[in-house]
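One structure is given here, and the rest of the page talks about it.
In what follows, every chain begins at residue 1, and chains take the letters A, B, ... in the order their sequences are listed.
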Amino acid sequence: MALTGVSAAVGRVLRREKPQKPLLNTRPETSITHQILDQLEHGNISKAVSLLFPSLEPVSYWLYERLLRSCSSKSLVVQARKVVSHLVTFSPLPPIFLLNRAIETYGRIGCVHDARELFEQMPERDGGSWNALITACVKNELHEEVFRNFVRMNRDGIRGTETSFAGVLKSCGFVLDLRLLRQLHCSVVKYGYSGNLDLETSFVDVYGKCKVMSDARRVFDEMGRPSDVSWNVIVRRYLEMGLNEEAVLMFFKMLELNVRPLNHTVSSVVLACSRSQALEVGMVIHAIAVKLKFLPDTIVSTSVFDMYVKCGRLENARRVFDQTECKDLKFWTSAMSGYAMNGITRDARELFDLMPERNIISWNAMLGGYVRANEWDEALDFLTLMRKEMEGIDNVTLVWILNVCSGVSDVQMGKQAHGFIYRHGYDANVIVANALLDMYGKCGTFGSANALFRQMSELRDEVSWNALLTGLARVGRSEQALSFFEGMQLEAKPSKYTLATLLAGCANIPALSLGKATHGFLIRNGYDVDVVIRGAMVDMYSKCKCFDYAIHVFEEAAAGTRDLMLWNSMIRGCYRNGRSKEVFELFMLMEDEGVKPDHVTFMGILRACIREGHVELGFQYFSSMSSKYFILPQVEHYDCMVELYCKYGCLHQLEEFLLLMPFDPPIQMLTRVYDASKKYGWGKLGEWAAKKLHE
DNA sequence: GTAGGGTTAG
């Protein structure tokens, strides 16, 4: 094996022995050099390397270096080993710098093992050898090993250079060790490297990753002339901390100082706008991007497109799409999934069908769009198509498939998927396993969920607990859910998802004091009360008949942050707490805030009409559903109307209404019609209902 | 420093 060959040869070098094979006296044929260079120029690395072997003496050092540099991907492991093997076999004393290059090469192509072995066997090392090893470990994300080698290096009396610090800092950015970061910062200052722009940028980056933006900003402000990369880093870190305004401010500051932003920076700042729904600023930045000629860039146009979709400006998004000249696969996929993930499945599908090529990501994104939009029939059809046209699915596909199973409540299909997952080893993936838990929970097969949860033991995380908890709360086993919550706290930190679930559990029992306790827990522990948590609280208080608290929680939300679900919760709450009159007022306020109603909203309104005896108004709202809001009334809306007419004896309207109904009336509706006809003496209608019931 | 798909909540 090449590897053992290398170790033997390196060992020999270590003992300073003469190589066993006598060296020929002639200079290496220059024609070999030419041939090798020629092959390298044509990208035939394997061929180039094989040309090395007829020669039993070393080629020039610079040629070894060229060859090593050409080994740039994982598939060239064998070639790299051959080059190193040739070097150490035929060179009596390979220079340290070349061995360092070899270590770097091994690191670059993912063979840390070889890098380590070569390093350990080197008779002499310089600072560069240490740096090469450290860089190799950083590249392969062996962060603990990076730190160990850094310590070893210092112990051996080799002082870290800027390169060593750059490597260690990068690893620090992975493990997010703030204490280590501060120590490194001190050392860098002490060694006088603080003027190094790359190191300073790295500090900004890692302080930001450790979520200490104040220090990140201080380092940034102390930099003499931040480079475009430094600006990119600070903008990115603000974005990732959710400090969207800061990100935007920094971007404008950068423009003021006449630094040309990088495409990634423009993209980050557009993303900041779309996350904070700051459409107007976003459009300004779009204009700036156009002026700076950024738009042919797919990274920038992707984020601009996404911003318009997220802010509901579909025409603008479409224009960006059409104007992007060189659409690559990523751009197509991003645009398509932008539509898909925002519920605009029709446009997503249109793009999907137009795509010049597709990969697993595009297929998954489209499928995910259908799932998110609860379009189960489309999802199932799409899966059939996918099975025909795609070979091979991955873990992401499986997650969506499991969502489809719970969406159509098909445990059988879910179990089949489980079998597939088990056979292909996907059960070791915690996200897939959690999706399985979720599916079993939602299909109400609690035994399977429980068994899987126990089986997961080591694998399970906070999401697994939440998925199981949700399953329990959903079927009303709230006491059990609460005792689960206790157990969970021994193992994982409850997230906002947990708390929302718990609140829903309290709402179902209903248990006001526990609900209040959860509310308190949430405030005391500084959880962010987002729109979902707020909705859960409104729901809990209103189900616990503590509606004034619900109103209070609702009113605490800033105008514009209240979404459809939250309004629906309030409307349901009014109705549930005998305050139906207020439903109509809420509906108007909701429209004023620009929130569009859905079929749930109309259920609340129609029920309120029943309560309040607004027969005519009820019909107006019912008709407005399709005429004004483009919502197709469902059976339950028709049912409400029938109840409204029956309850207030408007059998004339009822008769007309039934004639126009586009489907066969279900049993409970017919019973209601029959009873009302009897009560109000409408014989003919009663007979019709009875006949239908008989069928 | 680096844009694309996935798990849990009302």
Side-chain angles (χ1 to χ4, degrees), chain A residues 170 173 198 201-202 204-206 208-209 227-237 262-268 270-271 297-306 328-338 340-341 359-369 371-372 394-403 429-439 441-442 460-471 473-474 492 494-505 507 530-540 542-543 553 563-570 572:
Chain A
K170 198 157 187 194
D198 290 338
T201 303
S202 214
V204 175
D205 186 39
V206 185
K209 281 181 177 157
S227 66
D228 46 5
V229 175
S230 327
W231 284 100
N232 182 51
V233 166
I234 191 102
V235 168
R236 185 81 203 167
R237 298 281 82 96
L262 297 171
N263 53 357
H264 284 101
T265 317
V266 180
S267 155
S268 296
V270 171
L271 194 60
D297 186 287
T298 54
I299 295 178
V300 174
S301 26
T302 301
S303 41
V304 173
F305 177 90
D306 203 59
D328 58 5
L329 179 59
K330 278 188 179 177
F331 182 74
W332 274 98
T333 310
S334 308
M336 188 270 287
S337 79
M341 291 301 128
N359 58 12
I360 183 75
I361 294 180
S362 0
W363 283 91
N364 285 344
M366 190 60 238
L367 177 62
V371 170
R372 287 237 176 128
D394 69 0
N395 43 355
V396 180
T397 326
L398 284 166
V399 170
W400 289 130
I401 290 178
L402 289 169
N403 278 316
N429 178 318
V430 67
I431 296 179
V432 174
N434 285 340
L436 264 172
L437 276 179
D438 176 60
M439 182 274 295
K442 282 189 179 145
R460 70 186 175 213
D461 64 1
E462 175 215 308
V463 178
S464 330
W465 282 93
N466 288 337
L468 209 64
L469 212 65
T470 313
R474 188 179 291 261
S495 66
K496 57 178 182 171
Y497 295 101
T498 322
L499 292 163
T501 304
L502 217 59
L503 284 168
D530 66 6
V531 68
V532 177
I533 296 279
R534 201 175 288 285
M537 288 205 287
V538 165
D539 226 45
M540 184 273 293
S542 90
K543 280 189 183 149
V553 172
D563 70 354
L564 175 64
M565 293 274 242
L566 191 57
W567 284 99
N568 283 347
S569 291
M570 274 305 282
R572 253 198 323 263

Quick one: label [X] by what it contacts on the DNA or RNA (base, sugar-phosphate, nothing), any heavy atom closer than 4.0 Å.
X: A/Arg372; value: sugar-phosphate
X: A/Asn359; value: base
X: A/Leu566; value: base
X: A/Ser268; value: nothing
X: A/Trp400; value: sugar-phosphate
X: A/Asp438; value: sugar-phosphate
X: A/Thr470; value: sugar-phosphate
X: A/Asp306; value: nothing
X: A/Thr333; value: base
X: A/Leu499; value: nothing
X: A/Asn395; value: base
X: A/Val300; value: nothing
X: A/Val396; value: base
X: A/Ser337; value: sugar-phosphate

Tell me: [atom1] of [X] to [atom2] of [N], nearest whole Å?
X: A/Met537; N: B/dG10; atom1: CE; atom2: C1'; result: 11 Å
X: A/Leu367; N: B/dT7; atom1: CG; atom2: P; result: 11 Å
X: A/Ile360; N: B/dG5; atom1: CD1; atom2: P; result: 14 Å
X: A/Asn263; N: B/dT2; atom1: CG; atom2: P; result: 13 Å
X: A/Asp530; N: B/dT8; atom1: CG; atom2: P; result: 15 Å
X: A/Arg572; N: B/dG10; atom1: CZ; atom2: P; result: 11 Å
X: A/Trp465; N: B/dA9; atom1: CH2; atom2: P; result: 17 Å
X: A/Asn429; N: B/dG5; atom1: CG; atom2: P; result: 17 Å

Which is it for A/Thr201 and A/Asp198 under the side-chain hydrogen bond (donor to acceptor under 3.5 Å, both in side chains) test, yes or no, and what are the steps along the way?
CA-CA 5 Å; A/Thr201 303; A/Asp198 290 338; 5.2 Å; no

Given [options], which nucleotide is nearest the side-chain atoms of [X]?
X: A/Thr501; options: B/dT8, B/dG10, B/dA9; answer: B/dA9
X: A/Ile431; options: B/dG10, B/dA9, B/dG6; answer: B/dG6
X: A/Ser334; options: B/dG4, B/dA9, B/dT7; answer: B/dG4
X: A/Ile361; options: B/dG5, B/dT8, B/dA3; answer: B/dG5
X: A/Ile299; options: B/dT7, B/dA3, B/dA9; answer: B/dA3
X: A/Tyr497; options: B/dA9, B/dA3, B/dG5; answer: B/dA9
X: A/Asn466; options: B/dA9, B/dT7, B/dT8; answer: B/dT8
X: A/Ala365; options: B/dT7, B/dG4, B/dG5; answer: B/dG5
X: A/Val233; options: B/dT8, B/dG1, B/dG10; answer: B/dG1

A quick test of your reading: do over 12 heavy atoms of other residues, nucleotides or ligands sit less than 6.0 Å from NZ of A/Lys170?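 Atom NZ in A/Lys170 is not crowded, with 12 or fewer foreign heavy atoms closer than 6.0 Å.
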
Quiz item: Can you find a donor-acceptor N/O pair under 3.5 angstrom joining the side chain of A/Asn568 to the base of B/dG10?
Solution: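 Side chain to base: no pair present.
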
I'd like to know if A/Asp563 reaches the base of B/dG10 with its side chain such that a donor and an acceptor end up less than 3.5 angstrom apart.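 When only heavy-atom distances are counted, A/Asp563 does reach the base of B/dG10 through a donor-acceptor pair under 3.5 Å.
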
Practice prompt. Indicate yes or no: does A/Arg534 engage A/Asp530 in a salt bridge with an N to O separation below 4.0 Å.
Written response: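 Salt bridge: no.
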
NZ/NE/NH1/NH2 to OD/OE distance under 4.0 Å, A/Asp539 and A/Arg572 |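 Salt bridge flag = yes for A/Arg572 with A/Asp539.
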
Nearest 0.5 angstrom please: A/Ile299 CD1 to A/Leu262 CG, how far?
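Spacing of CD1 (A/Ile299) from CG (A/Leu262) equals 10.0 Å.
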
Discussion item. Once rounded to the nearest 0.5 Å, what's the spacing between atom OH of A/Tyr497 and atom CG of A/Asn466?
Written reply: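 With rounding to 0.5 Å, OH (A/Tyr497) is 9.0 Å from CG (A/Asn466).
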
### Message
Does a side-chain N or O of A/Lys170 approach OP1 or OP2 of B/dG1 to a distance below 4.0 Å, or not?
### Response
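For B/dG1, OP1/OP2 do have a side-chain N/O of A/Lys170 under 4.0 Å.
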
On the nucleotide B/dT7, are OP1 or OP2 found under 4.0 Å from the side-chain N or O atoms that A/Arg460 carries?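 Checking A/Arg460 against B/dT7: no side-chain N or O falls below 4.0 Å of OP1 or OP2.
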
Any side-chain donor-acceptor pair under 3.5 Å between A/Asn364 and A/Asp394?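 The answer is yes; a qualifying pair exists.
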
- Output yes when a side-chain donor or acceptor of A/Ser267 lies under 3.5 Å from a complementary backbone atom of A/Asn263, and no otherwise.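 No.
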
